[in-house]
**Q** 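Please read through the structure below; I'll follow up with questions.
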Amino acid sequence: MESIGPGTAETIVARASGEGRAGVGVVRISGPLAGPILRRIFHASPHPTRQPRRLLAGQVREPGGEVLDQSLAVFMPGPRSFTGEDVAEIHCHGSPALIREIVKLTCSLGARTARAGEFIHRAFDNGKIDLQRVEAVLALTEARSPLDVRAAARSLGTELSDMIAGLRSALAEQVALLNAIIEFPDEPEVAATRPNLEGLVRTVEGIRARLRRVATQGWRIVVAGRTNVGKSSLVNALAHQRVSIVTDQAGTTRDAVGVDVELEGAIVRLIDTAGVGGGEGSEADRMAQQVSREQIENADLLLWVGDERGGTLDRPPDITDRVLVVQNKADLLDRERRERLEEQLASCGRILVSAKSGYGLSRLESEIKRVMRDEFGPDDGIAASDRVVFGLERVCDALREAVRNLDALPELALSDLATAGEEVDALLGKRQDQDVLAGIFDRFCIGK
Amino acid sequence: MTVPRGTGFDAVVIGAGHAGCEAALALCRRGHTCALLNQDLRRIAWMSCNPAIGGLGKSHIVREIDALGGEMGRAADATAIHYRRLNESKGPAVRARRVQCDMVLYHHYMRRVLEREKNLCLIEAEATGLRVEGDRVVGVELSSQEVLRCAVAVITTGTFLRGMLFVGEESGRGGRLGEPPAQDLAQGLAGLGFELGRLKTGTPARLRASSIDFSRLEPQPSDPAQRPFSHENERFPLPQAVCHLTHTTQRTHDVIRAALHRSPLYTGRIHGIGPRYCPSIEDKVVRFASRHAHQVILEPTGLDGKTIYPNGISTSLPRDVQSEFIHTIPGLESAEMESYGYAVEYDYVNPTQLLPSLETRRVKNLFLAGQINGTSGYEEAAGQGLMAGLNASARLRGEAPFVLAREQAYIGVMIDDLVTRGTREPYRMFTARAEHRLLLREDNAWARCAELARRAALLDDEIVERRQATERELAALVQRLDETTTRLEGGERMTLARLLSRPEIGIRDVEALFLRDYSAEALERAEVEVKYRGYIQREIARAKELSSLAQRAIPAGIDFGSIPGLSRELSEKLSSNKPSTFAEASRIDGMTPAALLRLSVFIDKMHVPRGT
């Protein structure tokens with residue numbers, strides 16, 4: 001079949017819903033042909049192109065007239081659409097084969113299949129969304145925990161963008177003021193900028209404190225310790241399921257075993273490891289030891305587990321400083337000894353638990369949460385990628401440098417402010433940095 | 001040289017102001033015959049407003065003019081009667097010098113220099129039109145009906161092109177107080193298809209010094225640590241005069257406010273756009289209503305000390321109001337006016353109609369320089385005049401044009417701004433206009449311009465050799481600082497360069513220990529080089545990054561209207577400017593990084609074969 005007609009931009013189409021069978025599948029079309037194509041393949045009265053932004057029922061039909069599906073469709077004329085172009089969406093039944101047929105049909109009418117991330121790229125190109133919010137969409141589609149979903153949603157709102165944009169104009173104002181001081185040395189009344197610049201530093205620190213870093217892969221909590229201290233029992237207890245086989249025989253766990261656990265709304269990956277210092281001799285044991293060591297080195301948090309035999313002497317290895325030391329098997333102690341030990345342990349920041357009875361587990365969980373908050377930012381924070389977090393930190397560094405240079409070498413302070421301004425521009429994607437853009441857009445799967 | 005009437009010249013320069021003098025001198029010194037026209041030869045290189053040269057950005061231009069072999073720096077040094085170093089407490093890139101000159105001596109100096117040039121012919125005449133054959137200029141028509149034949153022409157008419165003077169309710173034709181405008185020439189330019197605009201500027205009254213009570217005013221003496229503009233000078237030859245500081249009062253502002261309805265600025269009779277950075281006193285009173293006083297500097301216009309230029313109260317209010325408000329200023333209670341302030345409105349040619357050589361796109365071999373291109377300031381005019389003269393010469397010799405890059409010189413920044421962005425208000429140089437402010441300093445003007453200066457060949461070999469020797473001395477000194485280590489009190493060893501990069505250490509501290517045999521200039525410049533080094537490297541990296549994108553070509557024939565997400569305003573500006581690189585596109589007024597990104601994405605897509 002012939003194309004309906006040439007457009008100034010190509011029209012693209014893709015499945016917008018997830019892979020596999022589902023109740024509903026969504027096909028999204030964007031570009032100048034979105035309306036004409038929808039009129040050709042979707043039959044309804046009234047037709048969605050006549051009543052934009054309303055989800056209307058109808059039939060998807062092949063050119064021969066054969067009905068492919070009873071479905072819903074909506075038409076959103078640009079520029080008030082996600083991509084800023086004309087957009088049509090068909091909400092059909094969620095069969096992969098059906099969706100493929102509809103996409104094929106659309107392509108036969110002049111659209112082409114979208115490349116990965118192309119819809120949101122067009123939204124960015126058309127000025128519908130800035131780079132920080134592109135990442136928010138990404139964070140939302142990748143969110144794996146209730147906390148991440150909410151943080152991403154906050155990020156998708158304009159609050160962070162607005163804060164960064166506000167920072168940008170505040171910076172521009174200071175640049176102008178400082179320039180005025182330099183260019184008009186005879187003007188006695190140009191205001192001092194030091195308090196303003198220091199205020200900007202505090203503003204950036206304030207924004208930074210409100211951010212919650214997006215963990216692109218689950219946060220890794222590695223549970224390690226001597227053999228037979230009950231590491232696997234602790235993992236199973238924290239996971240509320242049986243992850244590892246538990247026996248009272250030392251060295252039962254040989255390979256690292258991982259499980260994703262929701263911990264007060266955040267997703268963490270708990271990794272059980274083979275005990276250190278046990279089962280000398282066999283090749284398999286040595287390999288298990290090697291694996292444990294690597295896991296510990298790559299841990300975001302090490303839970304170093306000991307038991308009553310080690311007392312307070314169980315020392316974690318000197319590989320990482322993000323450690324929580326846990327003493328297991330509290331259930332083996334009578335109440336008096338338990339209380340005495342607890343006091344002793346608390347004084348050196350250790351936690352007494354029993355994987356078996358559940359004693360102390362909630363305290364352990366909240367300790368883990370505390371460490372995560374330090375690392376990621378507040379639970380009610382705004383989701384931000386490492387690009388944004390580290391970018392803001394560089395902005396802050398440049399501003400501090402500007403404050404330092406201000407009196408003696410204001411022209412260097414201006415150079416610092418220029419650096420800060422570039423970093424801020426980069427955060428919003430207002431800079432010519434194709435690599436940054438490519439890096440972000442590449443992470444989108446097709447149709448998003 | 002006597003006037004050989006009826007014969008031709010290689011070049012004719014119209015207007016002997018600050019631009020015209022530099023243009024004519026550059027042409028003659030490169031071996032061309034040149035006629036330099038002015039309506040009144042007693043007004044050559046006249047300082048129509050404040051007789052001062054220099055200031056932020058401006059002094060940088062004068063240093064560049066001097067590096068290239070122009071005359072302004074030498075003329076200013078020879079006639080300076082007051083000197084100030086600006087931003088001394090700030091860093092070297094933003095330090096600047098400013099002098100006040102004896103305006104009559106400045107004129108005499110420049111006239112003598114012109115008269116000494118054997119290829120130059122000074123003609124007192126008014127140019128009324130251009131003779132154009134085919135696509136190029138071939139002669140200049142005079143009011144005497146004569147035609148001066150020429151191969152190239154440079155127009156530097158300042159505020160004279162269809163000039164109108166305004167004082168209160170009165171107005172009349174004029175290019176400067178008491179001088180007629182260039183009326184016919186403006187019509188000639190319009191007739192050739194040039195698009196003309198209107199700009200405005202103003203000047204204050206001049207006061208009789210003997211009528212001022214200086215005893216109550218704070219004196220501002222000339223700075224004794226003199227640093228002349230020219231690389232060849234060490235002191236100013238003339239004795240130095242004293243300026244005085246005073247200020248407007250609440251009563252001054254009341255008088256001005258009560259008379260606003262009589263100001264041509266507020267009655268709408270002046271349409272031209274004035275300079276925002278140099279507002280009239282009535283503008284200041286209206287726009288900064290909360291301020292109770294504005295500074296006024298009383299500057300002598302000559303060594304005789306007879307006339308005072310009151311800096312800060314330029315105005316076009318009626319004469320009676322001018323007298324009244326001036327008399328409310330401390331020290332000026334019984335001041336007598338030698339002349340009254342006025343505004344001048346004049347035609348300019350929007351400089352986007354020029355090539356980077358300052359040659360017009362429309363008429364070949366025709367060059368424009370100075371206020372006719374929308375700039376303000378003697379220094380800006382002279383910088384353009386020099387480049388127009390060099391480029392007119394390059395045209396005569398069939399050589400490549402002389403173009404300074406933005407990272408090379410403020411002159412490069414200025415001309416690039418003018419020809420790519422145009423201007424809607426009088427364009428004044430600021431250091432902030434340069435992306436590479438730390439690179440473009442007064443101290444390294446020669447190093448930045450040396451390559452072009454050698455090509456221009458306006459300087460004696462001996463001078464060039466002396467300047468090169470200083471560069472070699474500097475390089476050797478910096479190397480020494482990098483290679484020599486010293487042990488600090490704590491036992492730590494570090495290079496002198498690292499020691500010097502500490503904020504609290506200056507070159508004098510290091511000099512006392514190690515560097516006895518270097519010149520003061522080399523020591524001072526080495527300190528700057530070392531202290532700025534990290535930042536300069538960052539600027540160079542930034543410049544490179546920008547220029548790699550900047551040099552990216554924009555294919556011809558692109559349909560800017562079809563670029564998604566581009567505002568209509570920008571796509572229209574792109575369509576009319578037709579930039580050939582991203583550098584040019586980025587300097588279009590109102591251009592945003594986001595818009596450039598869209599342009600870049602659009603071009604990317606043009607190169608992707610369809611159907612993949």
**Q** Among I182(A), D407(A), L409(A), who wins on heavy-atom pairs under 4.5 Å with chain B?
**A** I182(A)

**Q** Identify which part of Y535(B) has an atom lying under 4.5 Å from any heavy atom of chain A, answering side chain, backbone, both or neither.
**A** side chain

**Q** Take K284(B) and T248(B) through the side chain to side chain contact (heavy atoms under 4.5 Å, CB included) test and state the conclusion after the steps.
**A** CA-CA 11 Å; K284(B) 290 191 211 174; T248(B) 59; over 6 Å; no

**Q** Please list, chain by chain and in numerical order, all residues satisfying ring-ring contact (aromatic ring centres under 6.0 Å, His included) with H253(B), sequence neighbours excluded.
**A** H294(B)

**Q** Check whether R95(B) gets within reach of chain A through its side chain, its backbone, both or neither, counting any heavy atom under 4.5 Å.
**A** neither

**Q** Check whether T431(B) gets within reach of chain A through its side chain, its backbone, both or neither, counting any heavy atom under 4.5 Å.
**A** both

**Q** Who passes ring-ring contact (aromatic ring centres under 6.0 Å, His included) against Y532(B), sequence neighbours left out?
**A** none

**Q** Just verifying a value: how many Å separate R400(A) CZ and D416(A) CG, rounded to the nearest 0.5 Å?
**A** 12.5 Å

